[in-house]
Amino acid sequence: MTSPTLVIQTAFLGDVVLTTPLLAVLAERHGPVDVVTTPAATPLLETHPAVRRVIPYAKRGADRGIAGILRLGRALRAERYAFAYLPHRSLRSAALALVARIPRRIGFADGWRLLYTGSRRRPATGHEVDRLLALADVAPHHQTAPTIGLTAADVAAAEAALRAGGITGAFVALAPGSIWGSKRWPHYTALAERLADRAGIVVVGSAEDAALGEEIGTAVGRSGGRCVTLCGPLTLRQSAAVIRKAAVLVTNDSAPLHFAQAVATPTVAIFGPTLPSFGFGPRGPRDQALGVDGLACRPCSAHGPARCPLGHHLCMQSLRVEDVLHAIEETGALHRRD
Ligand code: SF4
């Protein structure tokens with residue numbers, strides 16, 4: 001049985017997680033949806049209850065260019081979808097739905113309107129979850145959280161990794177990475193040292209963050225604390241399962257922030273060149289969003305540049321460890337879970 005609805009979302013991992021409330025609404029209306037997404041994001045959706053099938057699209061790899069769009073578009077045409085929803089405002093997504101000859105193609109008015117059959121106004125403000133829900137005519141609802149379909153095997157793998165690292169009680173998860181260099185807060189090691197006598201420390205991230213994870217682990221070990229670095233060995237869903245078990249996650253403005261929202265873990269989110277008002281901040285009742293006020297240069301871009309264009313990186317350098325410790329206290333997380 002085919003799904004009548006295709007969603008094409010090939011943006012970053014965090015964007016894919018933030019699209020899950022839209023998937024849930026569409027699945028309620030039409031039944032579980034099919035989703036075209038990147039190979040990296042595929043595991044985040046393939047176990048999601050709103051999703052029937054995930055179709056990986058290596059837009060920068062084997063499927064790149066017009067040949068890839070034509071090839072995948074033809075394959076999608078055979079599925080005879082009735083609706084395509086296009087939360088990502090890329091020409092590539094619009095072209096794919098067009099080549100697939102999906103009769104109703106719904107995108108945002110500030111995307112590639114001429115290639116759509118219906119468009120919706122994308123709210124200029126509000127949280128990204130709500131902005132994406134506008135594609136399905138859903139009014140903003142501040143309680144809507146993203147979700148990740150964790151399996152029992154994901155949870156078991158996460159618990160085994162924590163046990164193997166000697167983490168048996170309450171722990172703080174740290175996610176020090178970001179693909180955008182200027183969004184990395186540079187004081188995670190000092191923060192971990194300060195937390196070492198209060199909780200275990202677990203560093204999560206990709207293999208690229210492993211060296212920093214090791215540095216944090218060494219510093220915590222010197223302070224007499226317990227730290228395990230899980231940067232690289234776990235899948236995305238297993239990493240989300242680790243975050244789910246954390247008392248609190250400290251993260252930059254990057255994908256782990258959205259993972260934490262999806263698994264309802266209290267979050268301290270650190271914003272440098274970007275602002276929470278861009279729509280990607282945490283919004284759980286105990287969550288904290290931190291940033292340096294009064295910097296004339298801030299914000300300096302929508303995503304955060306690779307490096308600070310002014311060289312001083314004050315938006316992150318001047319955010320103190322004490323500020324983050326205070327924010328952790330404000331969540332109450334270390335007093336509530338053990
Ligand atoms: S220009 Fe300002 S906001 Fe942008 S990275 Fe540098 S310090 Fe941060």
Side-chain angles (χ1 to χ4, degrees), residues 11-18 40 60 88-90 110 122-131 172-195 203-213 215-216 219 231 248-261 267-284 287-331:
F12 294 107
L13 294 175
D15 298 300
V16 173
V17 174
L18 293 174
R60 301 196 200 290
H88 191 209
R89 294 166 290 170
S90 71
D110 58 349
R122 183 179 156 89
T125 57
H127 196 275
E128 181 68 1
V129 163
D130 295 329
R131 293 196 296 235
V172 177
L174 306 180
S178 168
I179 54 173
W180 312 101
S182 65
K183 286 164 90 171
R184 293 185 202 131
W185 185 56
H187 305 310
Y188 277 96
T189 304
L191 174 69
E193 285 175 314
R194 294 282 297 274
L195 288 167
V203 187
V204 292
S206 67
E208 286 80 56
D209 307 317
L212 177 54
E215 178 190 310
I216 292 171
C231 300
V248 58
L249 171 75
V250 183
T251 179
N252 304 318
D253 173 21
S254 63
L257 190 167
H258 310 302
F259 287 19
Q261 298 294 290
T267 305
V268 173
I270 300 171
F271 287 78
T274 56
L275 301 176
S277 59
F278 287 2
F280 297 87
R283 54 180 186 172
D287 295 341
Q288 305 289 313
L290 295 181
V292 175
D293 293 327
L295 271 184
C297 58
R298 179 174 185 257
C300 68
S301 84
H303 285 296
R307 287 192 192 83
C308 172
L310 301 179
H312 53 60
H313 202 204
L314 275 178
C315 63
M316 283 296 198
Q317 290 287 353
S318 59
L319 189 75
R320 301 170 311 154
V321 168
E322 283 71 19
D323 299 328
V324 178
L325 287 168
H326 178 71
I328 292 171
E329 288 304 318
E330 289 291 302
T331 68

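The model shown is predicted, which means the values in this text are computed figures rather than measured ones. All ligand and atom numbering here is 1-based and tracks the order in the structure.
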Any Cys315 side-chain heavy atom under 4.5 Å of Cys297 side chain: no

Met316 contact mode with ligand 1 (heavy-atom cut-off under 4.0 Å): neither

Under 4.0 Å from any heavy atom of Leu314, which atoms of ligand 1 are there? 7 (S)

Cys308: numbered ligand 1 atoms lying under 4.0 Å from its heavy atoms: 1 (S), 5 (S), 6 (Fe), 7 (S)

Would you check if His187 and Leu319 make a side-chain contact, meaning some heavy-atom pair closer than 4.5 Å? no

Considering only heavy atoms from C-beta outward, does the side chain of Ile328 approach that of Leu195 to under 4.5 Å? yes

Ignoring hydrogens and geometry, is there a side-chain-to-backbone donor-acceptor pair from Trp185 to Ile270 under 3.5 Å? no

Do you see an N/O/S atom of Cys297, backbone or side chain, under 2.8 Å from atom 4 (Fe) of ligand 1? no

So do the side chains of Asp209 and Tyr188 get within less than 4.5 Å of each other, counting heavy atoms only? no

Which class fits the ring pair Phe280 and His258: parallel under 30°, tilted 30 to 60°, perpendicular over 60°? perpendicular

Under 3.5 Å, is there a donor on one side chain and an acceptor on the other for Ser178 and Asn252? no

If we number the atoms of ligand 1 from 1 as shown, the ones under 4.0 Å from a heavy atom of Arg298 are 3 (S)

So is Pro299 in contact with ligand 1, going by heavy-atom distances below 4.0 Å? no

Any N/O/S atom, side chain or main chain, of Cys315 closer to atom 8 (Fe) of ligand 1 than 2.8 Å? yes

Which of the atoms of ligand 1 are close to His312, meaning less than 4.0 Å from one of its heavy atoms? 7 (S)

Give the residue, atom name and distance (to 0.1 Å) of the protein heavy atom nearest atom 4 (Fe) of ligand 1. Cys300 SG, 2.3 Å

